[in-house]
**Q** 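First the structure, which I've put down as structure tokens, then a few questions once you've had a look.
Because only heavy atoms are used, hydrogens play no part in the values below, and waters and symmetry mates are left out as well, while side chains stay in. Each chain gets a letter, A, B and so on, in the order the sequences are listed, and its residues count up from 1.
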Amino acid sequence: MLILGIETATAQVSVAIGGHEGVIALFEVARGRRHAEILAPAVEFVCRQADIELDELGVIAVDTGPGLFTGMRVGLASAKALAQALRIPMIGISSLDLLAFPNRHTDRVVVPVIDARKGEVFWAMYRQVPGGLQQVAPPTVGPVDDLVADLLARSQEALCIGDGAHRYREEILDGYHCEIGEDAHPSAAPLVQLAHARALREEWVNPREITATYLRAPDAQINWSTRERRA
Amino acid sequence: MYPVTADTLVLGIETSCDETAAALVMGGADVISSVVSSQVDLHADFGGVVPEIASRAHLDVLNPVVARAIVEAGVDERRIDAVACTVGPGLIGALLVGVSAAKAFALAWDVPFVAVNHMEAHLYAAFLEDPTLEFPLVVLLVSGGHTMIVEMRDHGDYTLLGRTIDDAAGEAFDKVARFLDLGYPGGPAIDAAALEGDPEAIRFPRAMLDDGLDVSFSGLKTAVMNHVRRNPDVSSADVAASFQAAVVDVLVTKARRAARQVGATGIVLGGGVAANSLLREELLGACAADDLQGFLPSREMCTDNAAMIAAAGWHRLRIDGPSPLDTGAHPNLALPLRP
Ligand SMILES: [Zn+2]
């Protein structure tokens, strides 16, 4: 079964095709705020270079966030439309799972940290278990101080990765002794790998059931509810 | 020239503001289906469109809206010849949902993608209901996001004659309605309240009435607020009626002047504010007095919809051919004007 993976939750646009032979094709551009311009040509390019017609695909996999809202929605809207038009199912996977997965062969706690802007980060924590990773702390959004407090509370050897870990390297290292890994962005390569395992178990959904994970209410709603409470 | 025919079936997609819409239109004129999902309830608490809320809602409802447009049309989706979508102007996050989905549909079905200017599409709304309209026309386009007077000499041939230098007309309606506690959206709220009031109770200023074809509503909005603050017991109905009379007076005077200036055969109304009953009545009266055709499209065609996007897309495909897949969204996209 061929799977097209689409990942746009951070500054990177990543598109991959994979199947039981693993990842067949991968396209990545990591500098940009031009997700919508890049993504559709990237899908076309990856398919052409891998010599795969879109109607040979069996599943569309997509990163459902958390991440930067606008970029994330470019990937989600594209992936959902592709699946709907091709009449195939979808598999949605969290950006934090995707960042953690390539670092599954460590004894340490794996902590993907994604920049959430406004001085905040998205993070979760994972531990190695036979056959992969298990989430030990759920996806959270908050200031870097909260992440540091979370690390201190656990007091375990930790590996922090992701653009949030890079951006706040000093704040994190000042508060907690850990390693900052190189991985900066979730990629569509682990996306198709993880999705393939799920596809074998037919753990897929209708495109309509794929929704974004924001972890944060829209700004106006935040302002509004604080105003309501004050009033 | 790209080969399009009267049988060319275009799927239109619109997500530039707070309506998620999809439609199938044949030959740029024949509306086979048109589905609009309004988010007005989601924004009502805030008295205006909240961009992030709009973007989230577009992502959630676009797929079902497209599916419904196809089912209601009763055609096989493989019959669709092109996918047209608003690429601007509008809210960037909202536009990006539609543009991304539209390009993906086009890619999956292996048909052309067509980038459509939302303002140009509004001009085409009138032709969906009256294909016999004769050029040159003056189009008065008034909504929450835009207020402009455009001369249309032919398909694809536009000259901007006038525009608002500050607030859009619909925006002024929303702000005044919110100030008077009449509810959201402001257009229908003011329209309803005005029916009970006296339009001559208060003489609000008509900014730039004798001066060119541009309009300005920000001073009027301030005048309304000052008047109410100074006269706390004033009837809201009188304020609404007098405010509406001032807006309509300015819009109709300018549209009339524009038609005279370019020798138009008629005036076409478009945009959400075109549903305003006083504006409709006054514009028809003015057209009759000046011996012009006056055309008022239905409310469904005046407000944001995807049938107008599909229609404009058909014309754009004929004139320019398919748009590249690396097309993005352009929040401040201007109307393609005559050079
Ligand atoms: Zn509009």
**Q** Which one, B/P324, B/G328, B/A329, B/A104, leads in non-hydrogen pairs under 4.5 Å with chain A?
**A**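 Between B/P324, B/G328, B/A329, B/A104, the count favours B/A104.
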
**Q** The test is side chain to side chain contact (heavy atoms under 4.5 Å, CB included); show your working for A/Q134 and A/Y126 and say whether it passes.
**A** CA-CA 5 Å; A/Q134 185 187 18; A/Y126 299 79; over 6 Å; no

**Q** Between B/D320 and B/R318, does any NZ, NE, NH1 or NH2 come within less than 4.0 Å of an OD or OE carboxylate oxygen?
**A**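 Salt bridge flag = no for B/D320 with B/R318.
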
**Q** Decide yes or no for A/I17 and A/V23: does some side-chain heavy atom of the first lie under 4.5 Å from some side-chain heavy atom of the second?
**A**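 No, side chains not in contact.
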
**Q** Under 4.5 Å heavy-atom distance to chain A, tell me which part of B/V97 shows up: side chain, backbone, both or neither.
**A**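 Both parts, backbone and side chain.
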
**Q** Among A/A79, A/A36, A/P41, A/C47, single out the residue with the greatest number of heavy-atom pairs under 4.5 Å to chain B.
**A**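 Sorted descending by pairs with chain B, the first entry is A/P41.
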
**Q** Checking B/T327 against chain A: side chain, backbone, both or neither under 4.5 Å from a heavy atom?
**A**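 Backbone of B/T327 only, per the 4.5 Å heavy-atom cut-off to chain A.
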
**Q** Is any NZ, NE, NH1 or NH2 atom of the basic residue among A/K80 and A/E209 found under 4.0 Å from an Asp or Glu carboxylate oxygen of the other?
**A**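 Salt bridge flag = no for A/E209 with A/K80.
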
**Q** Can you tell me which portion of B/L59 sits under 4.5 Å from chain A's heavy atoms? Options are side chain, backbone, both or neither.
**A**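 B/L59 touches chain A through backbone and side-chain heavy atoms alike.
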
**Q** Is the cationic atom of A/R117 (NZ for Lys, CZ for Arg) positioned less than 6.0 Å from the six-membered ring centroid of A/F69 and within 45 degrees of its normal?
**A**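 That pair does not qualify as a cation-pi contact.
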
**Q** Which one, B/K103, B/H58, B/E52, leads in non-hydrogen pairs under 4.5 Å with chain A?
**A**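 The answer is B/E52.
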
**Q** Tell me, do B/L91 and B/S55 make a side-chain contact under 4.5 Å, heavy atoms counted?
**A**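 Counting from C-beta outward, B/L91 and B/S55 never come under 4.5 Å.
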
**Q** With a 4.5 angstrom heavy-atom cut-off, could you sort out which part of A/L54 is near chain B: side chain, backbone, both or neither?
**A**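 Contact with chain B: side chain only.
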
**Q** Write down the atom of A/A25, the atom of A/A50, and the distance for their closest heavy-atom approach.
**A**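 Reported closest heavy-atom pair: CB-CB, 3.9 Å.
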
**Q** Report the option among B/P51, B/G93, B/P64 that has the most heavy-atom pairs separated by less than 4.5 Å from atoms of chain A.
**A**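 Sorted descending by pairs with chain A, the first entry is B/P64.
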
**Q** How about B/H43 and B/Y184: are their ring centres within less than 6.0 Å of each other?
**A**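 No, the ring centres sit 6.0 Å or more apart.
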
**Q** Given heavy-atom pairs under 4.5 angstrom as the criterion, report whether the side chain, backbone, both or neither of A/R73 touches chain B.
**A**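 Both parts, backbone and side chain.
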
**Q** Would you mind checking which part of B/R78 comes under 4.5 Å of any heavy atom in chain A, side chain (CB onward), backbone (N, CA, C, O), both or neither?
**A**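 Side chain only.
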
**Q** I'd like to know if A/E120 and A/R216 make a salt bridge, using a cut-off of under 4.0 Å between side-chain N and carboxylate O.
**A**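 Salt bridge present between A/E120 and A/R216.
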
**Q** Name the region of B/A102, side chain, backbone, both or neither, that has any atom closer than 4.5 Å to a heavy atom of chain A.
**A**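 Neither the backbone nor the side chain of B/A102 comes within 4.5 Å of chain A.
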
**Q** Can you tell me which portion of A/L39 sits under 4.5 Å from chain B's heavy atoms? Options are side chain, backbone, both or neither.
**A**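 Contact with chain B involves no heavy atom of A/L39 at all.
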
**Q** Specify which of B/A101, B/G98, B/A106 makes the most heavy-atom pairs with chain A at under 4.5 Å.
**A**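 Ranked by contacts with chain A, first place is B/A101.
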
